[in-house]
Engineer: 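The structure is given below, and queries will be raised subsequently.
Start at 1 with the first residue, then count along the sequence. All values reported here derive from a predicted model rather than from experimental measurement.
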Amino acid sequence: MELEQKGLSAYLAELIGTFLLVFFITSVVTLYVSTGAQASFGSDFAVVGFVQGLTLFGVICMFGAVSGGHFNPAVTLAAWTIKKISLIDGIIYILAQLSGAVLGALLTKGLLLDEGRAVHYGAGEVSSLLANNAAGAAVEAIGVFALVLVILAVVFSERSLKDWGPLAIGLTFVFMVMVGGPLTGACFNPARWFGAALVSNSWGGVWPYLVGPVVGSLLAVGVWRFVIEAGGPSPVEPPQRVAPAAARGGKGAGPAEPRGTEPKKD
C-alpha cells in the first residue's frame, strides 16, 4: 500500500486546528467549570460538552480535507497503525499538535488570567470521585476508544457514510465530555492535556493522560479491523445497465448497446 505523502500545508493545518480546538476547550472549561469539593454539581458540563464537540466538528470541516483532521496524537497513532500515514509524517503531526495545543492554552491564559487560575486554565485532573489514577486512566482509555473507533468507522471504512463523519465525531465528543468531564477533565487527547498542563504547571498525574489514550487508541484499531471491517458485507460492483428487450429486438437480457452507435444491418 502506497502511503499518501503529507506536506507543509497538512502540518500547518494540524497546528492551527489543534490551536483552535485547545483554545476553545480550555476557555469553556475556565468559564463554566466550578471548583471545590462539589464542583461537578456547580458546573455546566452540557455547555462544556457541546462547545468542545462543536469545535471539533468545525475544525474537522475546516482542515479535514488538508490533513485528515487528526488534531489528536491518539488519532494519529491509530492512522499510523492502520498504515494511513507514514511514521515521519505521524511524528511531525504529533509535534504540530503539541505546539498548537500549547499556543491555544497560552492564549486562554493571556485572556483569562485571573479567571483561569482556579481551574488551572482547563488542565485535566483525576477527580476524587474516582478511586485512583488507574481509574482515571481507564476513563481516558474508554473515551479515546469511543472517539477513535467512530473516526475509523466513518472516515476509513469503505462502507461508511463519509458525509456524516464530522458530525458523528463531534457529537460523540459531546457525550464523552458530559460523562468524563467531572471525572478526569475529559481530555481524551494527549496534546490537549499537555498544552493546558504545561501552561498551568498542573499535570494531573501525567500517566493516566498518556497511557489511557494509547491503550484506547490501539483497542479501537483492533475492534475496527477484526469486527467492523471483517464483519460487514463486502462492497459490491454497481450493476451493469441493461437496455429494455424491445430495444434489442425482443431478444433476451443483455448489455445495452453503447450510446451513439447504430446496430449493424445485414
Engineer: Is a side-chain donor or acceptor of Trp224 paired with a backbone partner of Leu152 at a separation under 3.5 angstrom?
Structural biologist: yes
Engineer: Can a donor-acceptor pair be found between the side chains of Thr76 and Gln97 at a distance below 3.5 Å?
Structural biologist: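 Yes, Gln97 and Thr76 have a side-chain donor paired with an acceptor closer than 3.5 Å.
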Engineer: Which heavy atom of Phe45 sits nearest a heavy atom of Met178, and at what distance?
Structural biologist: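 That closest heavy-atom pairing would be O-CG, 3.7 Å.
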Engineer: For a side chain to side chain contact (heavy atoms under 4.5 Å, CB included) check, start with the C-alpha distance between His70 and Ile151, then their side-chain angles and the critical distance, and finish with the verdict.
Structural biologist: CA-CA 9 Å; His70 294 193; Ile151 290 171; over 6 Å; no
Engineer: Please determine whether side chain to side chain contact (heavy atoms under 4.5 Å, CB included) holds for the pair Phe57 and Leu167, giving the CA-CA distance in whole Å, both sets of side-chain angles, and the decisive distance to 0.1 Å.
Structural biologist: CA-CA 6 Å; Phe57 167 77; Leu167 183 61; 4.0 Å; yes
Engineer: Which heavy atom of Val75 sits nearest to which heavy atom of Val148, and what is that distance?
Structural biologist: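 Here Val75 and Val148 meet closest at CG2-CG2, 4.3 Å.
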Engineer: Are a donor atom and an acceptor atom from the side chains of Thr30 and Glu115 found within less than 3.5 Å of each other?
Structural biologist: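 No pair is found: no donor N or O on one side chain lies under 3.5 Å from an acceptor on the other.
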Engineer: With side chains defined as the heavy atoms from C-beta onward, is the minimum distance between Leu98 and Val102 less than 4.5 Å?
Structural biologist: no
Engineer: Following the transitive rule for hydrophobic clusters with a side-chain heavy-atom cut-off under 4.5 Å over Ile, Leu, Val, Met, Phe, Trp and Tyr, establish whether Ile228 and Val155 coincide in one cluster.
Structural biologist: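 Yes, it is one cluster - the side chains of Ile228 and Val155 are joined through contacts under 4.5 Å.
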Engineer: Please check if any side-chain donor atom of Thr184 sits under 3.5 Å from a side-chain acceptor atom of Glu140, or the reverse.
Structural biologist: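 Yes, side-chain donor-acceptor contact under 3.5 Å.
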Engineer: Is there a path from Val174 to Ile142 through hydrophobic residues (I, L, V, M, F, W, Y) whose side chains come within less than 4.5 Å of each other?
Structural biologist: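 No; Ile142 is not reachable from Val174 via cluster members.
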Engineer: Would you say the side chain of Phe173 lies within less than 4.5 Å of the side chain of Met176, judging by non-hydrogen atoms?
Structural biologist: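 Sidechains of Phe173 and Met176: in contact.
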Engineer: Heavy-atom distance under 4.5 Å between the side chains of Leu20 and Phe71, does that happen here?
Structural biologist: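 The answer is no, as the side chains (C-beta and beyond) never meet within the 4.5 Å cut-off.
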Engineer: Tell me, do Ile82 and Val221 make a side-chain contact under 4.5 Å, heavy atoms counted?
Structural biologist: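 Ile82 vs Val221: side chains touch.
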Engineer: In the structure I gave you, are the side-chain heavy atoms of Phe23 and Leu106 within less than 4.5 Å of one another anywhere?
Structural biologist: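 No - every pair of side-chain heavy atoms lies 4.5 Å or more apart.
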Engineer: Nearest heavy-atom pair of Ala10 and Tyr93: which atoms, and what distance?
Structural biologist: CB-OH, 3.6 Å
Engineer: Please confirm whether the backbone N or O of Ala74 pairs with a side-chain atom of Asn189, one donor and one acceptor, at under 3.5 Å?
Structural biologist: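 No, Asn189 side chain to Ala74 backbone: no donor-acceptor pair under 3.5 Å.
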Engineer: Let me confirm one number: the OH-OG distance from Tyr121 to Ser202, rounded to the nearest 0.5 Å.
Structural biologist: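 Tyr121 atom OH to Ser202 atom OG measures 11.5 Å (nearest 0.5 Å).
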Engineer: Atom CG in Asp44, atom CG in Leu31: separation rounded to 0.5 Å?
Structural biologist: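 So the CG of Asp44 and the CG of Leu31 are separated by 11.5 Å.
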Engineer: Taking atom OG1 of Thr18 and atom CZ of Arg192, what is their separation to the nearest 0.5 Å?
Structural biologist: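 Separation between the atoms: 12.5 Å.
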Engineer: Is there a side-chain contact between Thr26 and Leu107 in this structure, where contact means two heavy atoms from C-beta onward sitting under 4.5 Å apart?
Structural biologist: no
Engineer: Roughly how far, to the nearest 0.5 Å, is CZ of Phe156 from CD of Glu229?
Structural biologist: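 Between atom CD of Glu229 and atom CZ of Phe156 there are 11.0 Å.
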Engineer: Among the clusters formed by ILVMFWY side chains lying less than 4.5 Å apart, do Ile91 and Leu12 turn up in the same one?
Structural biologist: no
Engineer: Among the clusters formed by ILVMFWY side chains lying less than 4.5 Å apart, do Val150 and Val215 turn up in the same one?
Structural biologist: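 Val150 clusters together with Val215.
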Engineer: Using 30° and 60° as the class boundaries, would you call the ring planes of Trp193 and Tyr209 parallel, tilted or perpendicular?
Structural biologist: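 Parallel: the ring planes of Trp193 and Tyr209 meet at under 30°.
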Engineer: Can you name the closest pair of heavy atoms from Val119 and Val33 and give their distance?
Structural biologist: CG1-O, 3.6 Å
Engineer: Does any N or O in the side chain of Ser200 come within less than 3.5 Å of the main-chain N or O of His120, such that one atom is a donor and the other an acceptor?
Structural biologist: yes
Engineer: Given side chain to side chain contact (heavy atoms under 4.5 Å, CB included), test Ile25 with Val177 step by step and report yes or no.
Structural biologist: CA-CA 11 Å; Ile25 288 176; Val177 172; over 6 Å; no
Engineer: Give me the atom names and distance for the closest heavy-atom approach of Ser27 to Thr108.
Structural biologist: OG-OG1, 3.2 Å
Engineer: Is a donor on one side and an acceptor on the other found under 3.5 Å between the side chain of Asn72 and the backbone of Ala191?
Structural biologist: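 Not a single qualifying donor-acceptor pair exists.
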Engineer: Treat each ILVMFWY residue as a node, draw an edge where side-chain heavy atoms are under 4.5 Å apart, and state whether Leu87 and Val214 are in one component.
Structural biologist: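 In one cluster: yes.
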Engineer: Can you tell me if Tyr11 uses its side chain to pair, donor with acceptor, with the backbone of Leu95 under 3.5 Å?
Structural biologist: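 Between the backbone of Leu95 and the side chain of Tyr11 there is no qualifying donor-acceptor contact (under 3.5 Å).
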Engineer: Can you tell me how far the NZ atom of Lys6 sits from the OG atom of Ser86, to the nearest 0.5 Å?
Structural biologist: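 Answer rounded to 0.5 Å: 9.0 Å.
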Engineer: Kindly compute the distance separating NZ (Lys109) from CG (Asp114), expressed to the nearest 0.5 Å.
Structural biologist: 11.5 Å
Engineer: Within the structure provided, determine whether Phe188 and Pro213 are in side-chain contact (heavy-atom separation under 4.5 Å).
Structural biologist: no
Engineer: Which heavy atom of Val22 sits nearest to which heavy atom of Ala105, and what is that distance?
Structural biologist: CG1-N, 3.9 Å
Engineer: Carefully, step by step, assess Leu147 and Leu56 under the rule side chain to side chain contact (heavy atoms under 4.5 Å, CB included).
Structural biologist: CA-CA 11 Å; Leu147 178 63; Leu56 182 57; 4.3 Å; yes
Engineer: Judged by atom type as modelled, is there a donor-acceptor pair below 3.5 Å linking the side chain of Asn132 to the main-chain atoms of Ala135?
Structural biologist: yes
Engineer: A side-chain contact here means heavy atoms from C-beta on lying under 4.5 Å apart; do Trp203 and Glu125 qualify?
Structural biologist: no
